[in-house]
Amino acid sequence: MIIWLNGTHGAGKTTTSALVQALIPDSRVFDAEKVGETLMDIKPGLPATDNFQHWPPWRPLVVETARRVLDYTGGTLVIPMTVLVEPYWREIHDGLTAHAIPVRHVLLHADQDTLRGRIENDAVMGFSDFRMRHLELYADAYDSWLREEAEVVDTTHLTPHEAARRIAGFADT
């Protein structure tokens, strides 16, 4: 199965994914951003974009990579990856389910003030204009489709460990 941790930057996906993986036997973290980084390394480069998710190969490559890893290892893949464009999410989700892979789509949510504070005070990655610019995109996606599509875990007042325990419980259902 796949537990897809969605949410904007600063919601806690990376931190939480490692904690979830530690709580679920036979699980692994697959960072789908690495697929985008591979596409960014192609020379000469692919058409210019501000987000590798806009490249049509990214989505099916994520599906195929996840499928192949699960075919090889079994267990659970925890995928921490922001996807805010509904047709992109639908393409990924439908691709995975076409291979009979159950997907638990979990949205790590926090209010805008909390997210801004986390981005501004991130001791690991530092401040990022890119991450700040996505807050509005996230708010639009949340209001229009995302909160209905995913199981929302509000991290505004949860520690990463509390959020991880809640999400790990989804693997049992």
Side-chain angles (χ1 to χ4, degrees), residues 1-21 24 27 29-36 49-63 65-67 76-99 101-120 122 125 128-160 162-173:
M1 94 176 289
I2 289 175
I3 297 177
W4 192 288
L5 297 182
N6 203 346
T8 194
H9 310 283
K13 294 180 306 298
T14 300
T15 300
T16 304
S17 66
L19 297 169
V20 169
Q21 186 276 321
I24 299 175
S27 65
V29 174
F30 165 41
D31 186 350
E33 189 166 328
K34 302 298 184 192
V35 174
T49 182
D50 65 341
N51 185 335
F52 58 72
Q53 290 185 15
H54 298 320
W55 287 325
W58 180 77
R59 299 174 299 277
L61 284 171
V62 168
V63 170
T65 303
R67 179 181 79 86
T76 300
L77 279 184
V78 181
I79 304 178
M81 186 73 221
T82 300
V83 178
L84 301 179
V85 178
E86 185 177 10
Y88 296 177
W89 170 251
R90 188 66 31 227
E91 183 179 346
I92 292 166
H93 181 270
D94 292 352
L96 293 167
T97 57
H99 292 291
I101 300 169
V103 179
R104 295 300 295 259
H105 185 194
V106 179
L107 177 65
L108 297 182
H109 176 74
D111 63 57
Q112 290 287 307
D113 290 338
T114 299
L115 292 169
R116 279 188 195 86
R118 289 178 184 171
I119 293 168
E120 289 169 353
D122 190 325
M125 294 183 65
S128 166
D129 283 326
F130 176 85
R131 295 168 79 198
M132 283 297 222
R133 285 192 310 269
H134 277 77
L135 291 180
E136 187 173 331
L137 295 171
Y138 170 72
D140 291 345
Y142 182 79
D143 289 339
S144 65
W145 69 275
L146 194 49
R147 69 176 161 197
E148 299 301 322
E149 175 65 30
E151 299 173 69
V152 178
V153 174
D154 191 326
T155 65
T156 302
H157 302 292
L158 291 179
T159 67
E162 291 168 334
R165 282 192 294 278
R166 187 172 294 175
I167 294 162
F170 296 156
D172 299 328
T173 59

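Not measured: the values here are computed from a predicted model. These values consider heavy atoms only, across backbone and side chains, with no hydrogens, waters or symmetry-generated copies. Position 1 is the first residue of the sequence; numbering continues from there.
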Between [atom1] on residue [X] and [atom2] on residue [Y], distance to nearest 0.5 Å:
| X | Y | atom1 | atom2 | value |
| --- | --- | --- | --- | --- |
| Arg133 | Asp50 | CZ | CG | 7.5 Å |
| Thr76 | Arg104 | OG1 | CZ | 11.0 Å |
| Thr82 | Tyr88 | OG1 | OH | 14.5 Å |
| Gln53 | Arg59 | CD | CZ | 8.0 Å |
| Ile24 | Ile3 | CD1 | CD1 | 3.5 Å |
| Trp58 | Ile92 | CH2 | CD1 | 4.0 Å |

Can you name the closest pair of heavy atoms from [X] and [Y] and give their distance?
| X | Y | value |
| --- | --- | --- |
| Arg118 | Ala110 | NH1-CB, 3.9 Å |
| Pro56 | Pro60 | O-CD, 3.0 Å |
| Asp31 | Pro80 | OD1-O, 4.2 Å |
| Ile79 | Ala66 | CD1-CB, 4.4 Å |
| Leu84 | Ala141 | O-CB, 3.5 Å |
| Leu107 | Ala150 | CB-CB, 3.7 Å |

Quick check against the 3.5 Å criterion: does [X] have a side-chain atom that pairs as donor or acceptor with the backbone of [Y]?
| X | Y | value |
| --- | --- | --- |
| Thr156 | Asp111 | yes |
| Thr155 | His109 | yes |
| Lys13 | Thr8 | yes |
| Ser17 | Thr14 | yes |
| Arg67 | Leu96 | no |

Please assess Val83 against His105 for the test side-chain contact (heavy atoms from CB on, under 4.5 Å), listing each intermediate value before the final yes or no.
-> CA-CA 11 Å; Val83 178; His105 185 194; over 6 Å; no
Validation row: Val62, Phe30 side chains within 4.5 angstrom (heavy atoms) | yes
Any side-chain heavy atom of Arg166 sitting closer than 4.5 Å to one from Leu158?
-> yes
Could you check Arg147 against Asp143 for side-chain contact (heavy atoms from CB on, under 4.5 Å), going step by step and ending with a plain yes or no?
-> CA-CA 7 Å; Arg147 69 176 161 197; Asp143 289 339; 4.1 Å; yes
Glu120, CD: over 12 other non-hydrogen atoms inside 6.0 angstrom = yes
Ring centroid separation for Tyr138 and His9, is it under 6.0 angstrom?
-> no
Evaluate the criterion side-chain contact (heavy atoms from CB on, under 4.5 Å) for residue pair Arg116 and Ile119; output intermediate values, then yes/no.
-> CA-CA 5 Å; Arg116 279 188 195 86; Ile119 293 168; 5.9 Å; no
Check the pair His99 / Val63 against side-chain contact (heavy atoms from CB on, under 4.5 Å), numbers first and verdict last.
-> CA-CA 9 Å; His99 292 291; Val63 170; 4.1 Å; yes
